K.L.:
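Just dropping this structure here.
Please read these numbers as outputs of a predicted model, since none were measured by experiment. Side chains are part of it too, since the values below use all heavy atoms of this structure and drop only hydrogens, waters and symmetry mates. Within every chain, numbering begins at 1; the chains are lettered A, B, ... in the order of the sequence lines, protein sequences first and strands thereafter.
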There are 2 protein chains.
Amino acid sequence: MARRRVGNPLALAVLSCLAERPMHPYEISTTLRERGKEQSIKLNYGSLYSVVDALQRHGLIEARETGREGRRPERTVYAITPEGLAEFEGWLSELLSTPVKEYLSLEAGLALMPALAPDVVARLLGVRADRLRAQLRELDAMHDEARAKGLADLFLVESRYRQHMLAAELEFVEQMVSDLRSGVLPGVKVWARIHELRDGGVPVEEIFADPVRHLGEEGRMLLPPR
Amino acid sequence: MARRRVGNPLALAVLSCLAERPMHPYEISTTLRERGKEQSIKLNYGSLYSVVDALQRHGLIEARETGREGRRPERTVYAITPEGLAEFEGWLSELLSTPVKEYLSLEAGLALMPALAPDVVARLLGVRADRLRAQLRELDAMHDEARAKGLADLFLVESRYRQHMLAAELEFVEQMVSDLRSGVLPGVKVWARIHELRDGGVPVEEIFADPVRHLGEEGRMLLPPR
DNA sequence: ACCCGAATACTCGAAGTCGAGTATCAGCGC
DNA sequence: GCGCTGATACTCGACTTCGAGTATTCGGGT
């Protein structure tokens, strides 16, 4: 997979605008905003200008006119090059066809959660579930409103995707909370016991050094698998 | 929401290790790797050392001993401070309880997909679906193997979450492909027609300037909503 | 006639990210 | 006893990211 010379997805959005017609960077930013693309692609000025610069350095876009009106700051209008158009279509195709590993923040949280006691985690995830439900309601309202305005579903696809993924997360979190509370998830009992011991003053290192002594037979699962 | 002084999730992983016992950075990296946490938290050396440095600057960890064996590079052992422990627990709690907006690459792709013709997009998403199915099979195999080795489900939670989200993505993509092929998604007909015209030599700008003339009544949906 | 806030159009530098590169050592086969 | 691979333990600097800051103009109200 030949790595893209300019990696920021914002660069792709810039190319998408310039594929329509030449624009200056600020116009690109307002265009993306109007179309709601900044919901899907992180946009901030610093990145925008450095990305435009990088695209130019690599010959994917080129400066057309650079004029000024009154004593306003200069405006440079850029146009896409044939190589830029090829890069755009290739990159977009790859984005659609090839899943990439994304580091979700909840995944990090779940990976480290044993550092907190299981009942605490259950409570925190419960709060998360509430917030997810609120976000889903907001998205629903937004979609209804957009529909009422006559916006075609085609332009809501990315938002529907976000909603779908949010709903999936909620489903997982709800299941998790119930598994934690009921204690059916293998390992939770031991996990809870470790935190009880720790709160009672036993250093965690010591528990791990000889789990079976502190936790009984179930502690065996903490030993390194042969 | 007070912004974290050190933002990289890797910093959280570092704190989680040092909460157990003092370590030197390289040991942290191998520990995280052994436990499979690098699947969930991006780990590379450059970031590791700069993150450790930042944590020290902010008083969340402190250097203990800095010795060397033979003529090996120096090793500095770090320990967590009380403020570091507080930061760790607060941050982890926030991570679990509070959803944050994540910019998924497929969302960017969907937002820009009208730049390609609908049948092309359908084909690309079909390829993605195949790849997602392959990844899901791999994860299933991994989980079976881990189970067989006696690893508690507790330590697979993050991987199960990834699997759940991957499955949700597959579901969405499959639905999308079928909606595109059947043409039931409102807007797809117009979208296809635009690409036909463009391939026939009509500039895209012109179509957008007077959509109704080029596309008939259905073109009206491209006009800005009042 | 003047003021104020919003919009226009960028600039700048501090901070962070990344991965290839460097140097050493331990063990193992031959 | 010699070379090779793989592990140990980091360093470096080019490149990106970020968002607050700057300077100007426009339009609407009073």
Side-chain angles (χ1 to χ4, degrees), chain A residues 1-14 17 22-34 38 41-58 60-61 63-78 100-103 108, chain B residues 1-14 17 22-34 38 41-58 60-61 63-78 100-103 108:
Chain A
M1 251 181 283
R3 190 87 93 280
R4 306 279 154 201
R5 330 69 167 92
V6 188
N8 193 328
L10 180 55
L12 189 69
V14 167
C17 286
M23 296 187 192
H24 56 93
Y26 186 78
E27 192 182 0
I28 294 173
S29 79
T30 51
T31 305
L32 291 173
R33 237 185 277 265
E34 260 169 36
E38 37 132 36
I41 296 166
K42 200 174 357 187
L43 166 59
N44 68 47
Y45 290 122
S47 305
L48 176 62
Y49 286 90
S50 69
V51 145
V52 164
D53 208 61
L55 286 172
Q56 186 183 23
R57 279 202 316 277
H58 291 91
L60 303 176
I61 65 178
R64 271 296 157 79
E65 5 163 4
T66 137
R68 59 169 66 214
E69 284 166 35
R71 213 174 305 166
R72 295 274 203 83
E74 244 186 23
R75 289 189 324 186
T76 307
V77 174
Y78 294 88
V100 298
K101 209 247 165 294
E102 327 242 14
Y103 291 87
Chain B
M1 247 180 286
R3 191 92 90 280
R4 306 279 155 200
R5 326 72 166 99
V6 188
N8 193 328
L10 180 55
L12 189 69
V14 167
C17 286
M23 297 186 191
H24 56 93
Y26 186 78
E27 192 181 0
I28 294 172
S29 78
T30 51
T31 304
L32 291 173
R33 236 184 279 264
E34 259 170 35
E38 37 130 37
I41 296 164
K42 199 174 359 185
L43 165 59
N44 68 45
Y45 289 122
S47 304
L48 175 62
Y49 286 90
S50 71
V51 144
V52 163
D53 208 60
L55 286 172
Q56 187 183 24
R57 278 202 316 277
H58 290 90
L60 302 176
I61 65 177
R64 271 297 158 79
E65 8 165 358
T66 136
R68 61 169 65 214
E69 283 166 35
R71 213 174 305 170
R72 293 275 203 83
E74 244 186 24
R75 290 189 322 185
T76 308
V77 174
Y78 293 88
V100 299
K101 207 244 165 298
E102 327 242 15
Y103 292 87

K.L.:
Indicate whether OP1 or OP2 belonging to C:dG16 is found under 4.0 Å from a side-chain N or O atom of B:Arg57.
P.N.:
yes
K.L.:
List for me each residue that meets side-chain contact (heavy atoms from CB on, under 4.5 Å) alongside B:Ser50, sequence neighbours excluded, and say none if there are none.
P.N.:
none
K.L.:
Starting from C1' on D:dA9, measure out to CE on B:Met23 and report it in whole angstrom.
P.N.:
15 Å
K.L.:
With salt bridge (Lys or Arg N to Asp or Glu O under 4.0 Å) as the rule and sequence neighbours excluded, what pairs involving residues 23-32 of chain A come up?
P.N.:
A:Arg21-A:Glu27
K.L.:
Applying side chain to side chain donor-acceptor pair (under 3.5 Å), name anything that partners A:Glu38, two or more places apart in sequence or on another chain.
P.N.:
none
K.L.:
At under 4.0 Å, does any side-chain N or O of B:Asn8 touch on OP1 or OP2 of C:dG16?
P.N.:
no
K.L.:
B:Ile41 has an atom CD1; how far is it from atom C1' of C:dC18, in whole Å?
P.N.:
18 Å
K.L.:
Under the side-chain contact (heavy atoms from CB on, under 4.5 Å) test against B:Ile28, which residue among B:Thr30, B:Thr31, B:Leu32 passes?
P.N.:
B:Leu32
K.L.:
Write down the distance between OH (B:Tyr26) and P (C:dA23), rounded to a whole number of angstrom.
P.N.:
17 Å
K.L.:
Within this structure, what is the CG-to-P distance between B:Leu43 and D:dC10, rounded to whole angstrom?
P.N.:
14 Å
K.L.:
Measure the distance from CG on B:Leu48 to P on C:dC18 and round it to the nearest whole Å.
P.N.:
13 Å
K.L.:
Give every pair of a protein N or O atom and an N or O atom of nucleotides 11-13 of chain D that lie under 3.5 Å apart, one pair per line with the distance.
P.N.:
none

K.L.:
In whole Å, I'd like the distance from the CZ atom of A:Arg4 to the C1' atom of D:dC15.
P.N.:
19 Å
K.L.:
Atom OH of B:Tyr103 to atom P of D:dT17: distance rounded to whole Å?
P.N.:
14 Å
K.L.:
Which nucleotide sits closest to the side chain of A:Lys42: C:dC10, C:dG19, D:dC18?
P.N.:
D:dC18
K.L.:
Return no unless some side-chain N or O of B:His24 is found under 4.0 Å from OP1 or OP2 of D:dC10.
P.N.:
yes
K.L.:
For B:Asn44 and D:dC15, give me the distance from atom CG to atom C1', rounded to whole Å.
P.N.:
14 Å
K.L.:
A:Ser50 side chain: which of D:dT17, D:dG19, C:dT17 is closest?
P.N.:
D:dT17
K.L.:
From the list D:dC10, C:dT17, C:dA9, which nucleotide is the closest neighbour of the side chain of B:Ser47?
P.N.:
C:dT17
K.L.:
Can I get a per-line list of side-chain donor-acceptor pairs under 3.5 Å for residues 51-58 of chain B, giving both atom names and the distance, sequence neighbours left out?
P.N.:
residue	atom	partner	partner atom	Å
B:Asp53	OD2	B:Arg57	NH1	3.3
B:His58	ND1	B:Ala54	O	2.8

K.L.:
Angle between ring planes, A:His24 versus A:Tyr26, binned at 30° and 60°: parallel, tilted or perpendicular?
P.N.:
parallel
K.L.:
Who passes side chain to side chain donor-acceptor pair (under 3.5 Å) against A:Ser47, sequence neighbours left out?
P.N.:
A:Asn44
